[in-house]
Visitor: 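Before I ask anything, here is the structure I am working with.
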There are 2 protein chains.
Amino acid sequence: MTRASSRRPGPPTRTERGIPEATVARLPVYLRALTALSDSGIATASSEDLATAAGVNSAKLRKDLSYLGSYGTRGVGYDVEYLRYQIAREIGVTQDWAVVIVGIGNLGHALANYSGFGTRGFRIVALLDADPALVGERIGDMEVRDFAELEHIVETDRVSIGVITTPAGPAQEVCDRLVAAGVTSILNFAPVVLSVPDGVDIRKVDLSIELQILAYHEQRKSGEVALPQVPELPATNGLAPDLPAVGGGVSA
Amino acid sequence: MTRASSRRPGPPTRTERGIPEATVARLPVYLRALTALSDSGIATASSEDLATAAGVNSAKLRKDLSYLGSYGTRGVGYDVEYLRYQIAREIGVTQDWAVVIVGIGNLGHALANYSGFGTRGFRIVALLDADPALVGERIGDMEVRDFAELEHIVETDRVSIGVITTPAGPAQEVCDRLVAAGVTSILNFAPVVLSVPDGVDIRKVDLSIELQILAYHEQRKSGEVALPQVPELPATNGLAPDLPAVGGGVSA
DNA sequence: CCGATTTTGTTCTCACGTTCACAAGCTCCT
DNA sequence: AGGAGCTTGTGAACGTGAGAACAAAATCGG
Ligand SMILES: NC(=O)c1ccc[n+]([C@@H]2O[C@H](COP(=O)([O-])OP(=O)(O)OC[C@H]3O[C@@H](n4cnc5c(N)ncnc54)[C@H](O)[C@@H]3O)[C@@H](O)[C@H]2O)c1
Ligand SMILES: NC(=O)c1ccc[n+]([C@@H]2O[C@H](COP(=O)([O-])OP(=O)(O)OC[C@H]3O[C@@H](n4cnc5c(N)ncnc54)[C@H](O)[C@@H]3O)[C@@H](O)[C@H]2O)c1
């Protein structure tokens with residue numbers, strides 16, 4: 001099977017060319033914490049200070065940073081500006097990435113109005129929508145353009161990141177168009193599972209899911225160990241035979 | 001959280017009263033997939049079908065579902081309606097949870113206008129803002145109310161979930177007020193690390209972080225193994241001595 | 001120049017999460 | 001009725017991540 005892939009028997013994945021995904025997800029948090037410290041005029045910070053600012057354990061922070069290299073000074077700590085630059089470089093936000101937003105409804109408007117992206121390594125180069133009534137509307141210093149211009153814009157501005165804020169229905173179709181146009185990273189707000197070819201990264205932001213996760217824990221808090229729990233399994237079976245009459249009998 | 005852990009030394013965490021966090025985070029995805037199947041008039045689905053719809057591996061899906069109980073039928077699959085109800089019950093969205101949104105700016109407006117929460121187990125009971133100019137504004141069938149009414153509303157409507165969409169500055173203060181008022185679950189959109197007492201759950205949605213994670217992978221794609229990489233470590237040290245002259249000498 | 005002190009970088013161990021693989025169990029066909 | 005064919009539920013192997021602990025390096029005071 002996958003035995004042929006055993007290159008290094010002893011050393012466990014040296015730094016080589018890969019930072020653990022869990023670490024990658026925390027680097028932006030450290031970056032933000034460092035920026036805050038820098039803005040406060042703090043020049044040096046220990047792993048303990050940084051960990052507190054980032055809301056993590058200091059051992060974890062040190063291990064995370066160690067994947068980037070040895071940027072601290074023992075007995076002293078980390079130079080805030082220097083480390084900030086190193087992390088920004090590692091993430092790739094030392095220069096701006098061009099971004100298009102597709103679907104300028106409620107959420108698209110909010111994103112278009114948000115000023116926080118420009119200061120964090122991203123530049124919104126186009127707001128696209130398929131609705132002719134929206135095309136031409138000005139939002140800040142930008143104008144909503146027709147979704148048909150996608151391919152042209154992606155090529156001209158070398159866009160590699162796309163944000164989908166359309167309804168769930170057209171999301172896959174929009175996604176396919178983005179990929180075909182050359183976009184290789186997608187941030188999806190629509191509540192659907194998008195499928196993309198290899199080589200394209202996709203991340204989703206789903207507010208309903210976040211709330212439902214909170215609800216799960218909330219339920220546990222109130223009921224603690226109580227919970228009606230319902231007849232977990234009726235001794236024999238009784239699964240398919242008797243539907244629990246929740247949403248009414250489904251046709252089909 | 002890590003309190004009552006050492007109860008059973010031998011058996012590996014029987015179903016008891018705890019579903020792995022990673023599984024909890026996927027249950028809402030399964031719930032949505034089941035709802036979609038149900039809407040399509042499909043009465044039964046195999047783990048393979050479900051896994052495809054949810055965008056996960058079928059073995060993972062089966063293991064996840066096994067934490068809830070034995071709700072499938074071997075050789076057949078899962079009854080869509082039945083399983084949907086069981087998951088909804090486990091998550092706790094068989095009845096609605098009351099939610100307040102604090103900070104009715106760009107993002108707050110978008111959330112207030114969103115109709116998707118009501119159908120997924122949540123009921124927005126109040127839109128709160130500290131800005132007198134906003135108070136009284138109507139959004140859909142709701143009216144923006146003064147943040148000062150928070151305590152009253154939380155008590156009256158038994159609110160347990162709060163959403164923070166204020167700027168980063170006042171977020172911790174708003175968070176403290178929410179907690180003091182009795183809210184025990186918080187969804188935070190402000191780009192800050194909030195600290196809350198034990199017993200309060202907090203989740204964050206951070207768009208800049210999502211984009212930066214995409215940027216990291218994007219950078220890897222283009223440069224592959226290239227990347228200027230910069231003098232990773234100057235042979236000796238050279239860390240603290242020579243600041244990289246990025247932000248100039250800070251007064252610390 | 002040396003030892004005390006501080007803090008990093010790393011190693012080790014344990015816990016958690018994912019995937020494979022297959023016996024157990026169900027339905028349907030002959 | 002009995003076997004063939006599916007599909008679930010789960011034990012076991014494997015991989016990743018978290019945290020404790022500590023040796024290695026750097027500063028500072030004497
Ligand atoms: N608004 C929220 O707070 C919120 C919360 C959670 C999730 N979401 C999700 O985010 C997405 C957007 O939500 P919204 O409230 O902004 O919806 P919306 O209906 O206000 O906006 C959707 C926009 O997409 C455009 N659009 C539709 N089809 C298109 C296509 N094929 N190509 C280009 N543009 C197209 C529409 O013209 C519209 O302007 C939805 O999937 C929604 O489920 C929104
Ligand atoms: N808009 C976006 O697309 C977007 C994207 C990413 C992150 N965010 C974050 O989400 C948050 C909200 O963004 P926004 O664009 O809606 O900001 P915004 O400035 O439009 O709205 C903030 C609202 O909060 C209210 N507010 C301020 N202090 C308050 C207090 N103490 N109590 C109650 N209300 C208070 C303000 O009156 C205002 O209405 C910010 O933290 C922002 O960084 C927004």
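First the proteins, then the strands, lettered A, B, ... as listed; each starts at 1. Keep in mind that what you see is a predicted model, and the values were worked out from it rather than measured.
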Visitor: Under the salt bridge (Lys or Arg N to Asp or Glu O under 4.0 Å) rule, what do B/K221 and A/D201 come out as? Steps first, then yes or no, please.
Guide: CA-CA 10 Å; B/K221 284 179 208 165; A/D201 278 302; 3.2 Å; yes
Visitor: Check whether any side-chain N or O of B/R26 sits under 4.0 Å from OP1 or OP2 of C/dT18, and answer yes or no.
Guide: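 Yes.
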Visitor: Within the 3.5 Å criterion, strictly below it, is a donor on B/S46 or B/D49 matched to an acceptor on the partner's side chain?
Guide: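 B/S46 vs B/D49: donor-acceptor pair found between side chains.
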Visitor: On the nucleotide C/dT6, are OP1 or OP2 found under 4.0 Å from the side-chain N or O atoms that A/Y78 carries?
Guide: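 Result: no.
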Visitor: I need the CG-P distance between A/D64 and C/dT8, as an integer number of Å.
Guide: 14 Å
Visitor: For the side chain of A/A22, starting at C-beta, report the closest nucleotide among C/dT8, D/dT10, D/dG17.
Guide: D/dG17
Visitor: Taking the side chain of B/V76 as its heavy atoms from C-beta onward, which of C/dT27, C/dC20, C/dT8 lies nearest to it?
Guide: C/dT27
Visitor: For A/D79 and D/dA26, what is the distance between atoms CG and C1' respectively, to the nearest whole Å?
Guide: 15 Å
Visitor: Determine: side-chain N/O of A/S47 to OP1/OP2 of C/dT8, distance under 4.0 Å, yes or no.
Guide: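 For A/S47, the contact criterion (side-chain N or O under 4.0 Å from OP1 or OP2 of C/dT8) is met.
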Visitor: When you measure from the side chain of B/A59, which nucleotide among C/dT8, C/dC20, D/dA20 comes out closest?
Guide: C/dC20
Visitor: Which residue, A/P20 or B/K63, contacts DNA chain D at a nucleotide closer to its 5' end, judged by nearest heavy atom?
Guide: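 With A/P20 and B/K63 compared, the 5'-side residue is B/K63.
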Visitor: Ignoring hydrogens and angles, tell me if any N or O in the side chain of B/E218 forms a donor-acceptor pair with the backbone of A/I161 under 3.5 Å.
Guide: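 No: the side chain of B/E218 does not pair with the backbone of A/I161.
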Visitor: Which of these nucleotides, C/dG17, D/dG9, D/dA18, is closest to any side-chain atom of B/E21?
Guide: C/dG17
Visitor: Is the phosphate of C/dG9 approached by A/S70 (side-chain N or O, under 4.0 Å from OP1 or OP2)?
Guide: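 The answer is yes; a side-chain N or O of A/S70 sits under 4.0 Å from OP1 or OP2.
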Visitor: Can you identify which nucleotide, out of C/dT8, C/dT10, C/dC20, has its nearest atom closest to the B/N57 side chain?
Guide: C/dC20
Visitor: Determine whether a donor-acceptor pair (one donor, one acceptor, N or O, separation below 3.5 Å) exists between the side chain of B/R74 and the base of D/dT7.
Guide: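 Not at all, since no donor on one side and acceptor on the other fall under 3.5 Å apart.
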Visitor: Rounded off to whole Å, could you give me the CG-to-P distance for the B/L61 and C/dT19 pair?
Guide: 12 Å
Visitor: How many whole angstroms separate atom CG of A/L50 from atom P of C/dT8?
Guide: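 Roughly 9 Å, once rounded to whole Å.
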Visitor: In this structure, how many angstroms lie between the P atom of C/dT7 and the OH atom of A/Y71, rounded?
Guide: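 So the two atoms are 22 Å apart, to the nearest Å.
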Visitor: Quickly work out the B/R62 CZ to C/dT19 P distance and round it to whole Å.
Guide: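 Checked: the CZ to P distance equals 12 Å.
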Visitor: I need the OH-P distance between B/Y67 and D/dT10, as an integer number of Å.
Guide: 10 Å
Visitor: Could you list the residues that satisfy side-chain hydrogen bond (donor to acceptor under 3.5 Å, both in side chains) with B/T23, not counting sequence neighbours?
Guide: B/D64
Visitor: In whole angstrom, what separates B/K60's NZ from D/dC14's P?
Guide: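 One finds 19 Å between P of D/dC14 and NZ of B/K60, rounded.
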Visitor: Please give me the minimum heavy-atom distance between A/Y71 and A/Q86, naming the atom from each residue.
Guide: OH-OE1, 3.3 Å
